[in-house]
Structures are given as C-alpha cells and as structure tokens.
Amino acid sequence: MDKSYRPEELEQRIYERWEERGWFAPQGDGEPYCIMIPPPNVTGTLHMGHAFQDTIMDALVRYHRMRGFRALWQPGMDHAGIATQMVVERLLNNEGTSRRDLGREKFVERVWQWKEESGGQIARQTRRLGASVDWSRDRFTMDEGCSAAVSKVFVDLYDEGLIYRGKRLVNWDPVLHTALSDLEVLAEDEPGNLWHFRYPLASGDGHLVVATTRPETMLGDSAVAVHPDDERYSALVGQEIVLPIVGRHIPIIADDYVDPEFGTGCVKITPAHDFNDYEIGRRHDLPMYNILTDDATLNDEVPVAYRGLDRFVARERVVEEFRELGLLEEIEDYTVKIPRGDRSHAVVEPYLTDQWYVKIEPLAKPAIEAVESGRIRFVPENWSKTYFEWMYNIQDWCISRQLWWGHRIPAWYDTDGNVYVGHDEDDVRQRNDLDKDVVLRQDDDVLDTWFSSALWPFSTLGWPGQTESLDEFYPGNVLVTGFDIIFFWVARMIMMGLKFMGDVPFREVYIHGLIRDQDGQKMSKSKGNVLDPLDLIDGIDLESLVAKRTAGMMQSHLAPKIEQATRKHFPDGIDAYGCDALRMTFSSLATTGRDIRFDVGRIEGYKNFCNKLWNAARYVLMNTGSLDEGDLELSPADRWIRARLDETTRAMHRHFAAYRLDLAAQAIYDFTWHEFCDWYLELSKPVLQADESSPALQRGTRRTLIETLEAILRLLHPLVPFITEEIWQQVAPRAGIEGDTIMLRPYPESDENAGDEAAIADIEWVMQFILGIRQIRGEMDISPGKALPVLLQHPDADDRDRAARLVLLLRRVGRVESVAMLEEGTEPPAAATALLGEMRLLVPMKGLIDVAAERARLDKQMDKTRAELAKASGKLANENFVNNAPAAVVTQERERVAEFERTITQLAEQLQKLDELA
RNA sequence: GGGCGAUUAGCUCAGGGGUAGAGCGCCACGUUGACAUCGUGGAGGUCGGUGGUUCGAAACCACCAUCGCCCACCA
C-alpha cells in the first residue's frame, strides 16, 4: 500500500469493477429490501442535496445487502416538465430560435436529444458518489413503461369518475402560459397598497367604499358584498351600484365571507379573478366576467381604452381614473401576498380555463388512514403531522399543463367538442363505437410531472404488467426524501399506491434535512453559494470556482458580490477530499434536525479519518505478513479490543435501525480512531516487538489485528465504500477470507460471548496508569522520549497482579522505565503523583520534576476534586435526596464521595510532602 | 391566523431527570519504525430567559425572547 491515502487514484477504478461485475443487482435469495431513488430532474446536475440523499440511501442499501437482503436500489430520472421545457427554450433562445418556430414535434425531439446529454451527466455524477443503484433497471418517467402506467392510471381514474375536466379558476402562469397546481404557487409577502374606492349607489344616494389590492380587477366586478349582520349596510342589500368606468349595474349582496371589521366592511366581488370571489359568485349566481388574456393583458370584455393593456399598466390607469372621477378615497401602504409560479417566478393569475382534475378526497382517505394506522411510519415521527395537516385540507389536483414536454393527456375530442378518454385513438374509437369518419383530435395538454412521479414505486417495477419484480419489491421498505416534497410526491405516491396496488408504496418515510451553506442560507444558483459535490471530491481551484459560480447567471449584476463571497469563503479554492470523506461528512450530518449547515471545515476531518484508517491498515499489513498456524493465545488487549468491537457492532445495528447515520458514523469513527488506533495498535506493538512474548501470544495479536481491522472495514463499508474495498482487498486474504468484494460480505453481527470483563478491567487499568503518567509528563514538560521510573504506593492484590502481568505494556506504551512497589511503611521519595483507585503512582523527582509545577498541578486537581466533593456531599446531606432517590443513585453518590475524599487525602499528603521538600 | 422546529465550548453539531460531550479551531510540547492528513498534554460552557414539577432540571411542563420553516381566502 502507498504511504498515504489518495482517493482520486482508487475510487473510479473500484466503482467500475463493482458495476462490471453486476454486484449492484439484487443478490442471493434473501428477503427483499427495496429503495426507490427519488428521480432527479433530467435538467441540470446533482447538487449537495442529492449527494446527501444518495449517501443515506446507499448506506442503507449497502448495509442491508451485506446483511443478506436481496437489495434493490432502483435508479431513474424525472422528465420534470416545466423545468426541462424552460431550460430547452432558453437554449433555443440563445440559438436565435424558439419553441414556436420549431413546432411541437421538432421541439419535443430536441428535448429528448437534450435529455440524453443532461441525463448522462447525472448518471456520471451518481457513479462518482459511489451509489450502488442497479443500473440495469434504470428508468425514466417518460419511457415506454412509465408512459403505459400513466395512461392506464389516467383512463382508470377517468372511468371511475375520479378524473374530470372542468372550467374553473386555476392558477395561471401568464409567462409560461400554463395552469399550475396549488403547490406550484408560492405566496410571498411584498410591499403593496390597499386602494379605497368609492362605488356610487345606483339610487344616486351616496356611495359605498370598497378596498382592494388589485384595482384593475374592478373592471370585472359583478357585485359588492357586505356581511348579512352588518347593520350599517343591511338596508342597502339588494340595491345596486353603478360600477365606475364600466358603467355596469351590479348588486349589493350579503355573504358571511365578509369580515365586517376589515376596512369598510364592503368587498368588491370579481368572480373570474379571485378564488374567494369565485366561490361567492357561485353561491349568488353572479356573472363571471373574464377580463384577461393568456398573457394577463386585458381583453375585449373591458372598455376600449383598457383593451390590450398589461395588467399592471391597467392598474395604474384605473387608479388614475378613480382619482379623476373624485372616487379615490385613500391609498394605504399594505403588505400583500403575491402568488408567484415556483419556476417562472411570474405573478400568477386566478384564471378561468378548462383543465383536468383529480378528484382527490376518495384517494386521500385511505392515504390518511395508512399513516394513522402505522402502516406507514414517518421518521422522525413529527412529519406525520405535516402530512395530516395537508391531507385533511387537500383540494382537487389540477393535472393538466399547457406544455409540450410531458405525457400527452390521453383524451380526444370530436368536432362537436365531445371528449373521449382512452389509451390511444383506436382504443377511443373502439370504446365509444366511433366511426372512422369521425374526426378526433387529441388534447394538446400534458400531465403534471408529479402525476407520473406518483406512480414511480410501481411503474419502475413493470406495472401495469404483472411482473416478478413487483411481487418481490413492492412495497419498498423506505422512502428517503426531503420534507419539501412531502405534498408534491410522498402523499401522492401513497394515494396512487393504495389505489392501484392495493398496498402502501413503502413502510417508512425517512425525512432528512436540507443542505444549506455555512451561513444557513439555502443554496441556490442566484445566490451563488452552491457547491457541486464533485468539486468537493475532486477539488477545484479558486478561479474555476468563481467562474463556475458566476457563469450563466440570470441576474448578472450579482456576480461581483458572489465573486467576493466566494473568494472570502474559499481563498484557496477547494481541496480534493475524495468521495469517502464527503460521504462520511454527510453521514455525520444526518441528524434529526431540519436543516444542515454544510461547513467545509468538517470534511477535512473526515479525510484525515480516511488517512488514519489507511495507515492503520498499513501497520496491520506490515505486521501480519506471516500468519503462521500454531497455538494461539489472546492477550488482555486482544480480548479487550474484541469486546469493544462487539459493543461497536451492536451500536451500528442499533443506529442503522433508527436511521441515525450520524450516530453510526460517530460510533465507528470513535472506535476506529480512539480505541483501535490510539490504544490497541499501540498495545499490540510490545507484544509483536518484544522478545519475551511467546509465539502463541504473537499469533493471537496478529490474528486480532487482522480480524479486527477486517471487521472495522465491513462496519464502515456502507458509509465509506471505496477506501474500505481498497483496503479489504489486501486484508481479506490475510484474514483467510474468500470473496471478491467487501460489498457482498456479511455485515458483522454481535456475539453474546464477546464481553470480557477481566480483560476490559485489565486494559482500563493500563489506560488509567498510562494516562496518569502522560499527564505528569505533559504538564511537567518532561520529554516524551524520557522513560520514567514509577513507584506504586498502596497497591492492592489486583494492582500487584496487573503490574506484574502487564508491565510490558506500561513500559512500551507508557514509556515507563520500571515499575516497583513501595513497601508499606517505607517513606516515599519526593515525587510527582497520579492516582489510580486506591493506589498512588509515584514518579520520583530526582531533578526531573519542578516542585512548583507539581504543586500547581496538584492544587488544580485538589480544587476540582473539592468542588465535586462539595456538590456530592451536599446532595447526601439533603435527606429528601437520600429518602427519595433510587437506592442505586444514593449508593453511587456515596461511593463518589468516598472516592473524592480519598483523592483529597492523597493529594493533601502529596502536597505536604512537597512542602517538606521546599 | 394555525402548525412545526431551533437556541449546549470561538465555529459546526451530538446528547439527555443524577459526573457536560465530539470534530474543527486555540495554547504548549514532540522527527518514539502505521499515520505531521500525526502524537501527547492543556485551556475553553452558570446547556437563550423566567417560572413550575421533582429529593434532584441543561434535559420534563408553562410562559417569554430571538431565529427559521411549513400551511392558510381576510379584500
């Protein structure tokens, strides 16, 4: 092995081998285990969130695969209708052409072409992340199979009356010219105004005052509403208003919706351009005046002067005209919620159009029940609340989009406008007995991207076919995803899964946090704070990073700021940390919280960990060259590390079961570094290097070294797959293990008989001993190379026994020159002291030790111990504590007090001695 | 307006009714035959505030403060 760990050299090579050998496909005949990848958008590239998510899923899949499950991690991508169409349209714009120039067919062809390039990029990234997905099953939401699933679901739901077409108010994106679902609209607070208008009564007898945030919609008003119990206006209900500018007579109506406390208590009603007004309009059978075009300019429904105006221009003009008419009462500053499309960021209009809807309530009911009953469990549990909250108030789902990229809606119209639904035109004709001469035209619209995503858990397994894969892998075990798509995706998969498969799509939903930047900001292109996971793996120099972050920006004026921030945060660019370090970082960040600040500082520590493991392996390999057969004796250190390994193994299983990758990462990190490397490797050296250790003992240690390392590699493999594979290839033959790859070896299981109290007690004693000596050395500034003589004062039988048996460890690891007993009654020499239970370790001073320094050191210990003692004895002095606390706690407290008292006595004696010396 | 979450060392975060933890950073020492991407020792916290429950609260409860997120039709 090379002297240092170089991830760039090994990661790609190893992945290629895994893939070539087909090891990502489900193996063996164990119980199935299945995770569906949340398909990334073909648009763009994988970001930190994907890398994080992939790390979690890969760890889970590898863990289960190693445990003998037939593990499937199903890969694939999403066609991402709007997002993809926008990207390709932008490309076309740059080429000086447009979607409309190309026409539908050519445009869609162009998108497919682009999808190949972009999808390839994502697949490459996924491979670099080490994801053990079964590429042979790679799917795309618009491939043939998924499309067949979409078609079947649409037709079936339609036949059952659960899909319908209707003219209603929808969220209309006037830039993209498409309807959006409620979820795709984001309401943001923006500063605006509240305009107060006078509406004259038709009787000529005064006016009412209405307030509005959208003056231009008054051109479409069809009523003014007041609260039925509002005495101020009860006499006016039933009378009419003359709508200014328009001249239309509109009624004054009474409706509960109106809040008499707000404004004047009068509300203008525009049924065709406001969701509330729409409902009121329906209740009161009001006419609906649609005054907008698809572009949100004013149409011919309005007075000539306003026709063709942009809605915002019209707003100003309406206000101006009210002012001129003397009907403008007041303009208030007011914060308004502006609905914007999540993709285009355009201000969305409520707009009357024909759209397709899924009647959601019959689907939502069983989906709610599935979570209530525990058939699906959210991890952490809290998220089920979020789920319920949305599901209880769910609205019908608008599934049609006026786009070209997506699944075309399987509906056809005849020339009379009758609609027929079927899998294709032939199917439609057959179902409806339509003659060949009836002209049919397919619906131009496509389906919401999430419609096909909702089918992902079974469409990828071959549905609507009855496949073996479906039998085997549906339902999946766990869905790993972010909370941001619980509504978009999780809820809809549950509904569709229950409806079409008769079972939940997965049993657990593991919700992870969002990756944010070092300041807690969401990573976004426009903020210029995105990190490409591959840059953390391969490294990137500062100039390239700046260039990357400022390239192709929509708002180029932000570039200087981004450049400045980038130079500040990454003055030297980003080092190459390798995939394993990145993954270990993600794992350790996978806590239960909501958002995760990604601090580049942390990844370095995990690269060091990899290097540590690498070098530990080198040491083990160097020392296990000759694993000869023969008698084998395990030393206390061997038995101790085996016991500790078992405890760690137990912890790993526990943490995986609870989806606590952070705790798993920490447990194995601590064991590897702080127990195996810091202690066991050091303790092994005396055995292997000293002449006095027997061949059997040496064999025992060699075996323990190699076996423990091999187990560590397997414990770590789901988290850091590459380095563990690379080392394992060297280690396995030494350990006498057959097998081509670590990824198909069994995950370590704990062993009930691994506990070894005696060995643990021995080694803990050794550790305390050595720590005591090191502390003296460190604080007394004694050179680490200087071997120290140690006298044991007041040793008991165990101490004497251990000192005799384990002296080699003390000498070599603790750099102790000699260990001698101070006979009882003998006056101890002036010495620095460490305490080990009842026993005192004395390091005679003889010029080695500075009396003042030792004094200061002991004083410090004394202060600490006295403080502890005060606390503990205070507790025991409280009779409530003694009477009420559990006996074990009281006993423990008494023991602590005794211990502190002993320590204080000993320290006092030592201080006394120093005084005598001075 | 509802709902959820966070507040622990300089930074990033675990923990959890009885002894305050890690990594990074910081200070000192160190070329010990795996590793300077390292080793050894050390400094550093009244666990956001107030009150309550309890023998005992950093942890449980209530309220408050600050920050954040989600949902919602007050024009």
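So you know, we letter chains A, B, ... as the sequences are listed, proteins then strands, and number each from 1.
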Study note, to complete from the structure: With the side chain defined as heavy atoms from C-beta on, A:R597 is closest, among B:C73, B:G5, B:C13, to B:C13
Point to revise | Distance between P atoms of B:G42 and B:C55 (Å, rounded) | key: 39 Å
Study note, to complete from the structure: Mate of B:G23 across any strand shown (Watson-Crick or G-U wobble, both atom pairs under 3.5 Å) is B:C11
Study note, to complete from the structure: Each nucleotide of nucleotides 21-38 of chain B classed B (base within 4.0 Å of a protein heavy atom), S (only sugar-phosphate) or -, in 5' to 3' order, makes --S--------B-BB-BS
Review point. Under 4.0 angstrom, heavy atoms only, what part of the nucleic acid is A:E879 near: base, sugar-phosphate, or nothing?
Key: nothing
Review point. For atom P, what is the distance between B:A43 and B:C27, given to the nearest Å?
Key: 16 Å
Check your understanding: Quantified in whole Å, what is the C1' atom distance between nucleotide B:U31 and nucleotide B:G39?
Key -> 12 Å
Check your understanding: Is any NZ, NE, NH1 or NH2 atom of the basic residue among A:E868 and A:R896 found under 4.0 Å from an Asp or Glu carboxylate oxygen of the other?
Key -> yes
Check your understanding: Hey, does A:R214 reach any base, or is it just sugar-phosphate, or nothing, if we go heavy atoms under 4.0 Å?
Key -> nothing
Exercise for review: Choose from B:G41, B:A75, B:A20 the nucleotide whose nearest atom is closest to any side-chain atom of A:E868.
Suggested key: B:A20
Exercise for review: Tell me what A:D259 touches on the nucleic acid: a base, only sugar-phosphate, or nothing, going by heavy atoms under 4.0 Å.
Suggested key: base
Exercise for review: Choose from B:A75, B:G68, B:U12 the nucleotide whose nearest atom is closest to any side-chain atom of A:D595.
Suggested key: B:G68
Check your understanding: Quick one: do A:E190 and A:R340 make a salt bridge, cutoff under 4.0 Å?
Key -> yes
Practice item. Report the distance from atom CZ of A:R516 to atom P of B:U12, rounded to the nearest whole Å. Key: 14 Å
Review point. Expressed in whole Å, how much space separates the C1' atoms belonging to B:C38 and B:U46?
Key: 37 Å
Review point. Do A:F262 and A:V267 touch side chain to side chain, with heavy atoms closer than 4.5 Å?
Key: no
Review point. How about A:L719 and A:D580: do any of their side-chain heavy atoms sit closer than 4.5 Å?
Key: no
Exercise for review: Check the distance between B:G18's C1' and A:R896's CZ and give it to me in whole angstrom.
Suggested key: 9 Å
Study note, to complete from the structure: Of the candidates B:C13, B:C69, B:G41, the side chain of A:E779 sits closest to B:G41
Study note, to complete from the structure: Judged by nearest nucleotide, the residue sitting upstream toward the 5' end of RNA chain B, A:E893 or A:Y334, is A:E893
Point to revise | Same-atom distance (P) from B:U12 to B:G68, integer angstrom | key: 15 Å
Exercise for review: Could you check A:L589 against A:R777 and say which one's nearest nucleotide on RNA chain B is further toward the 5' end?
Suggested key: A:L589
Exercise for review: State whether A:R857 places a side-chain N or O below 4.0 Å from either non-bridging phosphate oxygen (OP1 or OP2) of B:G41.
Suggested key: no
**Study point:** Base paired to B:G16 (Watson-Crick or G-U; both N/O distances under 3.5 angstrom)
**Key:** none
Exercise for review: Provide the Watson-Crick or G-U wobble partner of B:U40, both distances under 3.5 Å; none if there is no partner.
Suggested key: B:A28
Check your understanding: Within the pair A:T591 and B:A14, is there a side-chain N or O less than 4.0 Å away from OP1 or OP2?
Key -> yes
Check your understanding: Looking only at side-chain N and O atoms, does A:N884 come under 4.0 Å of OP1 or OP2 in B:G56?
Key -> no
Review point. Quick one: do A:R283 and A:D255 make a salt bridge, cutoff under 4.0 Å?
Key: yes
**Study point:** For atom NZ of A:K337 and atom C1' of B:C70, their distance in whole Å
**Key:** 11 Å
Exercise for review: Determine, for A:R660 against A:D662, whether the closest basic-nitrogen to carboxylate-oxygen distance falls under 4.0 angstrom.
Suggested key: yes
Review point. What nucleic acid atoms does A:L688 come within less than 4.0 Å of, heavy atoms only: base, sugar-phosphate, or nothing?
Key: nothing
Review point. At under 4.0 Å between heavy atoms, what does A:G814 touch on the DNA or RNA strands: base, sugar-phosphate, or nothing?
Key: nothing
Check your understanding: Counting just side-chain N and O atoms, does A:K860 come under 4.0 Å of either OP1 or OP2 of B:A43?
Key -> yes
Review point. Angle class for the A:F52/A:F586 ring planes (parallel below 30°, perpendicular above 60°, tilted otherwise)?
Key: tilted
Point to revise | Candidate list A:F388, A:F483, A:F378, A:F487, test ring pair (Phe, Tyr, Trp, His ring centres under 6.0 Å), partner A:W383, passing option | key: A:F483
Review point. With rounding to whole Å, what would you report as the distance between B:G48 and B:A57 at their P atoms?
Key: 16 Å
Check your understanding: Rounded to the nearest Å, what distance is computed from the CZ atom of residue A:R660 to the C1' atom of nucleotide B:A14?
Key -> 8 Å
Check your understanding: Paired with B:C60: which nucleotide, if any, by Watson-Crick or G-U wobble criteria at under 3.5 Å for both distances?
Key -> B:G52
Revision key, fill the gap. Residue pairs meeting salt bridge (charged side-chain N to carboxylate O under 4.0 Å, His left out), one or both in residues 212-226 of chain A, sequence neighbours left out, come to A:R214-A:E216, A:R214-A:E349, A:E216-A:R315, A:D221-A:K268
Review point. Which is true for A:F275 with a 4.0 Å heavy-atom rule: it touches a base, it touches only sugar-phosphate, or it touches nothing?
Key: nothing
Exercise for review: Any strand is fair game: report the nucleotide pairing with B:A34 by Watson-Crick or G-U wobble, both distances under 3.5 Å, or none.
Suggested key: none
Point to revise | Pairing nucleotide - B:C74, Watson-Crick or G-U, each distance under 3.5 Å | key: none
**Study point:** Nucleotide B:C73, atom P - distance to CD1 of A:I269 in whole Å
**Key:** 16 Å
**Study point:** Watson-Crick or G-U wobble partner of B:C4, both distances under 3.5 Å
**Key:** B:G68
Point to revise | d(CZ, A:F598; C1', B:C13) in whole Å | key: 14 Å
Check your understanding: Should the pair A:W614 and A:Y5 be assigned to parallel (<30°), tilted (30 to 60°) or perpendicular (>60°) ring geometry?
Key -> tilted
Check your understanding: Which nucleotide, in any strand shown, forms a Watson-Crick or G-U wobble pair with B:U46, with both distances under 3.5 Å?
Key -> none
**Study point:** Nearest-Å distance for atom pair CG/P, residues A:N880 and B:A57
**Key:** 12 Å
Review point. Given the P atoms of B:C24 and B:U19, what is the spacing between them in whole Å?
Key: 27 Å
Point to revise | Inter-nucleotide P distance (B:U8, B:A14), Å rounded | key: 11 Å
Exercise for review: Give one of base, sugar-phosphate or nothing for A:E389, where a contact means two heavy atoms less than 4.0 Å apart.
Suggested key: base
Practice item. Just say parallel, tilted or perpendicular for the rings of A:Y606 and A:Y669, cut-offs at 30° and 60°. Key: perpendicular
Check your understanding: Within the structure shown, what part of the strands sits under 4.0 Å from A:V210 by heavy-atom distance: base, sugar-phosphate, or nothing?
Key -> nothing
Practice item. Calculate the interatomic distance between A:Q521 atom CD and B:U12 atom P; express it in whole Å. Key: 13 Å
